[in-house]
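Inspection log for the structure reproduced underneath, given as structure tokens.
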Amino acid sequence: MQNNLTIYNTLTRQKEIFKPLHPPFTGLYVCGPTVYSNAHLGHARPAITFDLLYRYLLHLGYKVRYVRNITDVGHLENDADEGEDKIEKTARIEHLEPMEVVQNYMNTFHRNMDQLNTLKPSIEPRASGHIIEQQEFIKHLLNNGYAYEVNGSVYFDVLKYSRKYKYGKLSGRVLEELQANTRVLEGQDEKHNPVDFALWKKATPEHLMKWPSEWSDGYPGWHLECSAMSVKYLGEVFDIHGGGMDLQFPHHECEIAQSTAALGKESVRYWMHNNMITINGQKMARSLGNFITLDQFFSGDHEMLEQRYSPMTVRFFVLQAHYRSTVDFSNEALQAAEKGFQRLFKGIETLKKLKPSDESTLDINDLRKKCYEAMDDDLNSPVLLSHLFEAVKYINSVNDGSEKLNSADLDTMKNLFNTFVFEILGLKDETEGKTDEKLTGDLMKIIIKLRQEAKNKKEWAVSDKIRGDLKNAGIVLKDHKDGADWERE
RNA sequence: GGUCGGUUAACCGAGUGGCUAGGUAGUGGUCUGCAAAACCAUUUACGGCGGUUCGAAUCCGCCACCGACCUCCA
């Protein structure tokens with residue numbers, strides 16, 4: 001399994017050549033959503049980023065097991081609330097069962113992910129379905145002496161851990177400074193140290209989501225599910241763990257601590273983190289209330305949106321930036337992405353119609369090499385797109401007759417677009433698959449022919465009326481030298 | 001205050017010590033009964049101040065500004 005893929009490992013803060021532990025197999029774990037509200041643009045970022053990685057690994061020939069969890073227990077909303085479980089809180093407001101809320105938002109999330117054309121993970125485990133595994137994990141930590149029980153809750157002993165291992169290695173935190181900076185808040189008296197974190201929390205009587213355990217009726221700590229489920233499905237040591245940059249600390253740091261303490265070794269080989277989507281320069285987040293949901297993008301139903309943006313426009317928008325850069329939302333940027341996406345796909349349409357020449361004026365192998373180099377360079381999708389746009393320009397020139405492609409190169413070019421645009425970038429033609437497409441096409445041919453006859457007789461009023469009426473019906477005619485094309489508005 | 005990252009033209013967004021990234025918009029042109037579209041060509045850059053270098057947007061230092069995270073029961 002040869003490849004030149006390099007990925008930026010947050011652990012070492014540099015790009016490293018990707019070498020899986022057990023080729024051709026490779027494991028990928030990505031932190032999925034907490035399903036207590038509708039998915040917003042921020043959720044699209046990791047989904048698309050790691051979909052790109054998953055697709056590229058598949059393309060390179062790896063047998064990938066892609067695990068993305070659904071968090072359906074735990075998580076607090078913010079400092080203001082009184083320790084209510086996020087999911088439980090929403091449940092109370094809407095008078096629904098907690099699991100009904102979970103199901104509802106999970107369904108929406110899945111629909112949105114399908115719209116964005118992300119491939120489904122191999123396994124999508126839910127925290128609530130792995131309570132026993134999490135409890136087993138806690139027992140392991142208690143036996144190892146890295147956890148302690150107080151009043152039915154179990155906490156991880158960070159200080160003890162740090163005597164043997166380095167706590168904070170992923171996020172660059174220094175334990176002493178963390179202790180110095182920790183805010184002193186109520187409810188921590190159970191902990192031996194403020195930096196300790198919960199593995200199991202005893203539930204209050206009114207808490208709805210709780211499970212029996214030998215310590216108490218309660219619920220697992222947030223960080224635990226990822227450790228327990230990744231080990232279960234990918235093994236004690238696996239290749240890639242991904243997630244948003246905002247999860248680096250404390251979530252992933254605690255995951256590392258738990259797993260290392262329980263297993264006695266590093267569990268994750270490559271840590272990858274996508275950057276944030278910003279809006280007016282600030283992170284788009286549920287908790288900040290500055291989010292626009294994916295459904296709102298797709299429908300245009302939000303006061304900040306000047307128009308609707310199709311799922312592929314959103315996907316293209318995300319891919320046009322490198323995953324480790326922030327991307328700032330704006331209508332202008334989305335509209336530019338929409339136009340760019342259309343230009344790319346018009347190029348593909350033109351490519352389909354090209355006639356081969358006897359010779360080629362393009363070094364197609366060089367183009368292919370550049371495309372692979374871009375992807376190998378830590379998934380540099382914007383550079384890949386720039387090469388594809390260069391190719392589009394070339395395709396148009398061939399169409400105009402100023403450049404040439406021979407038959408073999410033409411096939412290679414089609415292949416290249418198929419591979420990179422559809423297979424790897426995961427873009428798709430949104431006009432395809434509509435019903436009666438063939439019939440519509442045939443009808444349009446007849447209409448255009450009739451109009452052409454009118455034009456030949458210089459009956460401009462007739463031809464303009466046809467064009468105008470079609471426009472009212474949502475169809476745009478585009479005249480050119482030998483005939484006319486049409487497309488939906 | 002600490003840790004990490006960023007500051008590129010009208011907007012978005014790559015990037016290497018010397019060679020036009022790319023997209024959108026703008027401008028000019030081709031095509032055209034008109035319109036639209038399409039295509040071609042093309043203008044405006046590298047936060048500030050120093051330093052290293054024959055040469056720096058790219059390396060180093062300082063400053064300014066912006067952002068993420070800094071555990072609460074999760």
Side-chain angles (χ1 to χ4, degrees), chain A residues 10 13 34 71 73-86 153 158 168 171-174 176-178 180-188 190-191 194-198 201-204 207 219-224 244-251 253-254 273 275-276 278 281-283 285 316-317 320-322 324-344 346 350 374 377 380-390 392-393 396-397 399-400 402 455 458-460 463-464 467-468 471 476-481 484-487:
Chain A
T10 310
R13 304 203 177 268
T34 302
T71 298
V73 299
H75 277 235
L76 287 183
E77 193 142 10
N78 54 44
D79 293 30
D81 72 44
E82 294 299 309
E84 257 185 320
D85 185 298
K86 273 182 176 174
S153 292
V158 172
S171 56
R173 298 298 197 284
V174 178
E176 289 71 30
E177 289 172 1
L178 282 173
N181 286 329
T182 300
R183 292 172 290 173
V184 178
L185 293 172
E186 286 179 49
Q188 333 192 106
E190 285 184 354
K191 293 183 183 177
V195 295
D196 291 350
F197 54 89
K201 279 302 293 181
K202 180 180 179 178
T204 55
H207 204 104
Y219 49 96
W222 169 34
H223 313 304
L224 195 56
M245 260 181 198
D246 52 349
L247 295 178
Q248 252 177 53
F249 190 90
H251 183 52
E253 204 69 75
C254 293
H273 291 94
N275 215 320
M276 303 290 103
T278 59
Q282 199 180 33
K283 168 185 166 186
F316 187 89
F317 172 71
Q320 228 181 357
H322 188 256
R324 282 191 288 114
S325 303
T326 55
V327 179
D328 199 51
F329 154 82
S330 71
N331 280 285
E332 224 178 342
L334 260 304
Q335 283 157 15
E338 182 177 59
K339 291 275 181 59
F341 175 71
Q342 285 167 0
R343 178 173 159 84
L344 183 65
K346 275 168 188 160
T350 306
D377 185 14
N380 200 329
S381 53
V383 166
L384 171 60
L385 281 168
S386 80
H387 294 319
L388 293 173
F389 276 112
E390 287 291 321
V392 165
K393 184 185 274 189
N396 288 330
S397 298
N399 194 39
D400 289 349
S402 57
K455 285 176 70 176
K458 297 201 190 298
E459 292 170 355
W460 307 128
S463 74
D464 285 355
R467 185 171 63 196
K471 181 148 174 61
V476 180
L477 276 190
K478 289 185 275 188
D479 289 337
H480 43 81
K481 259 204 298 272
D485 284 334
W486 65 276
E487 62 183 37

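Atom set for the values below is all heavy atoms of this structure, side chains included, hydrogens, waters and symmetry mates excluded. Residue numbers start from 1 in every chain, and the chains themselves are labelled A, B, ... in the order their sequence lines are given, proteins ahead of strands.
Within 3.5 Å, a donor on the side chain of A:Ser463 pairs with an acceptor on the base of B:G33, or the reverse. With hydrogens and angles ignored, a donor-acceptor pair closer than 3.5 Å exists between the side chain of A:Asp464 and the base of B:G33. One N or O donor and one acceptor, one from the side chain of A:Arg173 and one from the base of B:C69, sit under 3.5 Å apart. Not a single donor-acceptor contact under 3.5 angstrom links the side-chain atoms of A:Arg467 to the base of B:A36.
As rounded to the nearest Å, B:G6 and B:C12 have C1' atoms that lie 16 Å from one another. Distance noted for atom C1' between B:A37 and B:U30: 13 Å (whole Å). Atom C1' of B:G1 sits at a distance of 35 Å from the matching atom of B:A14, rounded to the whole Å. Between the C1' atoms of B:C60 and B:C66, the separation comes to 23 Å (whole Å). The same atom, C1', is picked in B:A10 and in B:U44; the two are 8 Å apart, to the nearest Å. Comparing B:U27 with B:C63, their P atoms are spaced 45 Å from each other, to the whole Å. With both ends at atom P, the span from B:C62 to B:C72 equals 33 Å, rounded to whole Å. Annotation: B:G13 and B:U7 have their C1' atoms spaced 13 Å apart (nearest Å).
Counting to the nearest Å, the P atom of B:C72 and the NE2 atom of A:His251 are 17 Å from each other. A straight line from CD of A:Glu190 to C1' of B:C72 spans 13 Å, rounded to a whole angstrom. Between A:Asn399 atom CG and B:A38 atom P the separation is 14 Å, expressed in whole Å. One can place CZ of A:Arg343 at 8 Å from C1' of B:C39, the figure rounded to the nearest angstrom. One can place CZ of A:Phe316 at 13 Å from C1' of B:A14, the figure rounded to the nearest angstrom. Following rounding to the nearest Å, A:His273 (NE2) and B:A68 (P) show an atom-to-atom distance of 17 Å. Rounded to whole angstrom, the span from the CZ atom of A:Phe317 across to the P atom of B:G23 amounts to 18 Å. Rounded to an integer number of Å, the gap from A:Glu253 CD to B:C69 P is 16 Å.
Using a 4.0 Å cut-off, no side-chain N or O of A:Lys455 falls inside it from OP1 or OP2 of B:C34. Between A:Asn396 and the phosphate of B:C39, there is a side-chain N or O to OP1/OP2 separation shorter than 4.0 Å. Proximity of A:Ser325 to the phosphate of B:A14: a side-chain N or O atom is located under 4.0 Å from OP1 or OP2. Close to B:A36, at under 4.0 Å from its OP1 or OP2, lies no side-chain N or O of A:Lys471.
Distance CG/A:Asp377 to CG/A:Leu384: 11.5 Å, rounded to 0.5 Å. Atom CD in A:Gln320 sits 9.0 Å away from atom OG in A:Ser381 (nearest 0.5 Å). Between atom CG of residue A:Leu247 and atom SG of residue A:Cys254 there is a gap of 11.5 Å, rounded to the nearest 0.5 Å. In this structure, the separation between CE on A:Met276 and NZ on A:Lys283 is 6.0 Å, given to the nearest 0.5 Å.
Relative orientation of the A:His223 and A:Phe197 rings is perpendicular, given thresholds of 30° and 60° on the angle between their planes.
Backbone-only engagement by A:Glu332 is indicated by non-hydrogen atom pairs under 4.0 Å involving sugar-phosphate atoms exclusively. Across all strands, A:Asn275 comes closer than 4.0 Å to no nucleic acid atom at all (heavy-atom distances). Residue A:His387 is classed as having no contact, given no heavy-atom separation below 4.0 Å to the nucleic acid. As judged by a 4.0 angstrom heavy-atom cut-off over every strand, A:Gln282 is placed among residues touching the sugar-phosphate backbone only. If you check every strand for non-hydrogen atoms under 4.0 Å, A:Glu390 touches sugar and phosphate atoms only.
Checking B:C70, B:G15, B:G23 against every side-chain atom of A:Asn380, the shortest atom distance belongs to B:G15. Set against B:G23, B:C70, B:A21, the side chain of A:Ser386 has B:A21 as its closest nucleotide. Picking from B:G33, B:A14, B:G13 the nucleotide with the shortest atom distance to the side chain of A:Trp460 gives B:G33. Here B:G13 is the nucleotide among B:A41, B:G13, B:C70 with the atom lying nearest to any side-chain atom of A:Ala321. The listed nucleotides are B:C69, B:A14, B:C73; the one nearest the side chain of A:Lys283 is B:C69.
With RNA chain B read from its 5' end, the first of the two nearest nucleotides for A:Ser397 and A:Lys339 is the one closest to A:Lys339. Heavy-atom nearest nucleotides on RNA chain B were determined for A:Thr326 and for A:Gln342, and the one closer to the 5' end corresponds to A:Thr326.
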**Item:** Working for side chain to side chain contact (heavy atoms under 4.5 Å, CB included), residues A:Lys455 and A:Trp460
**Value:** CA-CA 6 Å; A:Lys455 285 176 70 176; A:Trp460 307 128; 4.1 Å; yes
**Item:** A:Asn331/A:Phe329 under side chain to side chain contact (heavy atoms under 4.5 Å, CB included): CA gap, chis, key distance, verdict
**Value:** CA-CA 7 Å; A:Asn331 280 285; A:Phe329 154 82; 4.2 Å; yes
**Request:** Could you walk me through whether A:Asp464 and A:Arg467 pass side chain to side chain contact (heavy atoms under 4.5 Å, CB included), step by step?
**Result:** CA-CA 5 Å; A:Asp464 285 355; A:Arg467 185 171 63 196; 3.4 Å; yes
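Between the side chain of A:Thr34 and the backbone N or O of A:Thr71 there is no donor-acceptor pair closer than 3.5 Å.
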**Request:** Dot-bracket notation for RNA chain B is requested: 5' to 3', Watson-Crick or G-U wobble pairs only, both distances under 3.5 Å, with ( ), [ ], | and . as defined.
**Result:** (((((((..(((.....[...))).(((((.......)))))....(((((..]....))))))))))))....
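A stacked arrangement is not assigned to A:Phe389 and the six-membered base ring of B:G23, the conditions of a centre distance below 5.5 Å and an interplanar angle below 30° not being jointly met.
With a 6.0 Å radius and a threshold of 12 heavy atoms from other residues, nucleotides or ligands, A:Lys202 has its NZ atom at or below the threshold.
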